[in-house]
Structure formats: structure tokens, C-alpha cells
Amino acid sequence: MLVMTAVSFTNLLGFNIAGITIIIGIAFFFINSKLEKNISADNGLNAKAIGTSLKTKTIYFWIVLPLILNVVCIVLAKLILPEYIEHLYGRTEFVVSLDKIMFLFLQLAILALGEEIAWRAFFQKQLSKALPIIPTLIVTSIIFAFGHIVEGSLIVVAYDIFFIFINSVLYGVIFYKTNNAWISATSHFIANLFSIILISCLLG
């Protein structure tokens, strides 16, 4: 956890290597699961429990909420902070273009699942052993958000980080309610996919 935190904050120094926290988190997730001899039902990555988690109707509200927040973020930016659109595109330009839609789907799905395993199934779950859930969500989301910082004007970067923080809290709530990174990753994937499509349309 300390390693992930330290690497996340390297973005503030301009190193832009925070993305490797995903690899670190996934590695520690599986190492920790092995050491604690967690069965898949307990480690936060139980594919068989997806159906059970989705039986709770309120979970659909939480799954869709990050998508709604992204719409608000982008529409609001279009109206009052148009330079944010370019900033967001620059932050996500590593994602393939829409003419390779299947590869885009696969890339975003892998990225979302990786982030959820690292930040929710590992980081959040371990931190929750020491802290109540609300401080856990806040601390996890602050570190997660700072890992997404890229260069730009202060107001644009602050706007970006604010919405990343809120979305991270929402993914954390989904994981907390389901103990299943597959569910939070699904929400994460849907929100990211829609954002990239919308940004591409606005810039197209």
C-alpha cells in the first residue's frame, strides 16, 4: 500500500509513472490472497458471486451513477471550461481510436478490471482493516485521483481530479456493497467507454 501511494504521488513531480500502481496492486492482491489463503468468495474477485450481487436492485443505481457523473462533468466542462475537453483527451490519448472498436472495448475492460483489483480489491480492502469505511473511501480515492494528474492549468487539473475522486468514491461504494471487483469494474468500464466516445464525438 505504501508503494502504491508513493508511486501515485510521483505524478506531482512530473514522472508520470503512476500507472504502474495497477501492476503493483494486482501483484500484491494475488500475493496477499495466497498468503491469507483467501478463497475467491472472500478476496473480492469472485466471478460466481456476480449474479448474487446483481439481485440487489439498488446496486444498479450505484453502477450507473459514475456514468451519470461523467455526463455532468463533460457537459458542464463544455459550457464553462472547454479546455478541459482537450485535457481529458490528452490524458486518455493512449486509448485506441474508435475505428478499432473491439480493441477499444478490450483495452478499456482490462484497464477497468486492473484498476479495480489494485485499488478496490487490494488497497481499499486492506485499508478497511484499519479504518472505518468512510475514511477508507476518502483516503483511497485521494491517492487514486492524484495518480491521474497530468500537466495542465491548475483549474483544469483540479476540475479533472475532483471528478476522478468522486468517481473513485462511487467505485469504492460499489465494491463495499458487493465485495466484488467484477461489479465495480463493470461500472468503471461503462463510465470510461461512454466518456471516450463522447469526447471523441465532441472533438470529431
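Residue indices begin at 1 and follow the sequence shown.
- For Glu115, the side chain to side chain donor-acceptor pair (under 3.5 Å) partners two or more places apart in sequence, or in a different chain, are His148, His188.
- From Lys177, atom NZ reaches atom CD1 of Ile59 across 6.5 Å, with rounding to the nearest 0.5 Å.
- Separation of atoms CG (Leu76) and CD1 (Ile74) is listed at 11.0 Å; rounding is to 0.5 Å.
- Using a 4.5 Å cut-off on side-chain heavy atoms (C-beta onward), Thr136 and Tyr176 make no contact.
- Between Trp62 and Ile183, every side-chain heavy-atom pair lies at or beyond the 4.5 Å cut-off.
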Worksheet item: Is there a side-chain contact (heavy atoms from CB on, under 4.5 Å) between Leu45 and Leu113 once you walk through the steps?
Response: CA-CA 10 Å; Leu45 196 63; Leu113 181 59; 4.3 Å; yes
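- Counting non-hydrogen atoms of other residues, nucleotides and ligands closer than 6.0 Å to CZ of Phe9 gives a total above 12.
- Counting heavy atoms of neighbouring residues, nucleotides and ligands inside a 6.0 Å radius, atom CD1 of Ile17 exceeds 12 of them.
- Nearest approach of Pro82 to Ile80, heavy atoms of both residues: CD-C, 3.6 Å.
- No donor-acceptor distance shorter than 3.5 angstrom exists from the side chain of Asn70 to the backbone of Ser195, with no hydrogens or angles considered.
- Atom CD1 of Ile68 is surrounded by more than 12 heavy atoms from other residues, nucleotides or ligands within 6.0 Å.
- With hydrogens and angles left out, the side-chain atoms of Lys125 and Asn179 include a donor and acceptor closer than 3.5 Å.
- One hydrophobic cluster, built from ILVMFWY side chains closer than 4.5 Å, cannot hold both Ile199 and Val150; they sit in different ones.
- Aromatic pair Tyr171/Phe175: ring centres not closer than 6.0 Å.
- When all heavy atoms of Ala121 and Ala181 are compared, the pair lying nearest together is CB-CB, 4.2 Å.
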Fill in: side-chain contact (heavy atoms from CB on, under 4.5 Å) between Ile50 and Asn180, worked out
CA-CA 7 Å; Ile50 294 174; Asn180 201 317; 4.0 Å; yes
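- For the pair Tyr84 and Leu88, the minimum side-chain heavy-atom distance is below 4.5 Å.
- Other residues, nucleotides and ligands contribute only 12 or fewer heavy atoms inside 6.0 Å of the CG atom of Leu154.
- Two residues are said to be in side-chain contact when any heavy atoms from C-beta on lie closer than 4.5 Å; Ser8 and Trp119 meet this criterion.
- There is a path of hydrophobic side-chain contacts, each under 4.5 Å, that joins Ile133 to Ile174.
- Checked by atom type, the side-chain pair Glu116/Ser184 shows a donor-acceptor distance below 3.5 Å.
- Between Pro132 and Ile134 the shortest side-chain heavy-atom distance does not fall below 4.5 Å.
- We find the CZ-CG distance between Phe165 and Leu137 to be 8.5 Å, quoted to the nearest 0.5 Å.
- Minimum interatomic distance between Asp160 and His87 (heavy atoms only, all atoms of both residues): OD2-NE2, 3.3 Å.
- The closest side-chain heavy-atom distance from Phe30 to Asn43 is not below 4.5 Å.
- Inspection of the Ser168 and Ser141 side chains reveals an N or O donor paired with an N or O acceptor under 3.5 Å.
- Surrounding NZ of Lys129 are more than 12 heavy atoms belonging to other residues, nucleotides or ligands, all under 6.0 Å away.
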Worksheet entry | Intermediate values then yes/no, side-chain contact (heavy atoms from CB on, under 4.5 Å), Val169 and Ile138 | CA-CA 7 Å; Val169 170; Ile138 292 171; 5.6 Å; no
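- Minimum heavy-atom separation, Trp182 to Asn46: CD1-C, 3.9 Å.
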Acceptor/donor pairs from residues 20-29 side chains to any protein atom, 3.5 angstrom cut, sequence neighbours excluded:
from	atom 1	to	atom 2	distance (Å)
Thr21	OG1	Ala18	O	2.7

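- Between Lys78 and Glu83, no side-chain nitrogen of the basic residue sits less than 4.0 Å from a carboxylate oxygen of the acidic one, so the salt-bridge criterion is not met.
- When every heavy atom of Ser187 is checked against every heavy atom of Pro66, the shortest pair comes out as OG-CG, 3.3 Å.
- The CE atom of Met1 sits 7.0 Å away from atom OG1 of Thr140, with the distance rounded to the nearest 0.5 Å.
- Leu108 contributes atom CG, which lies 6.0 Å from atom CG of Leu193 (distance to the nearest 0.5 angstrom).
- Annotation: the span from Leu67 atom CG to Ile63 atom CD1 amounts to 11.5 Å, rounded to 0.5 Å.
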Worksheet item: Where do Ile117 and Phe122 land on the side-chain contact (heavy atoms from CB on, under 4.5 Å) test, with the steps shown first?
Response: CA-CA 6 Å; Ile117 292 172; Phe122 174 68; 5.7 Å; no
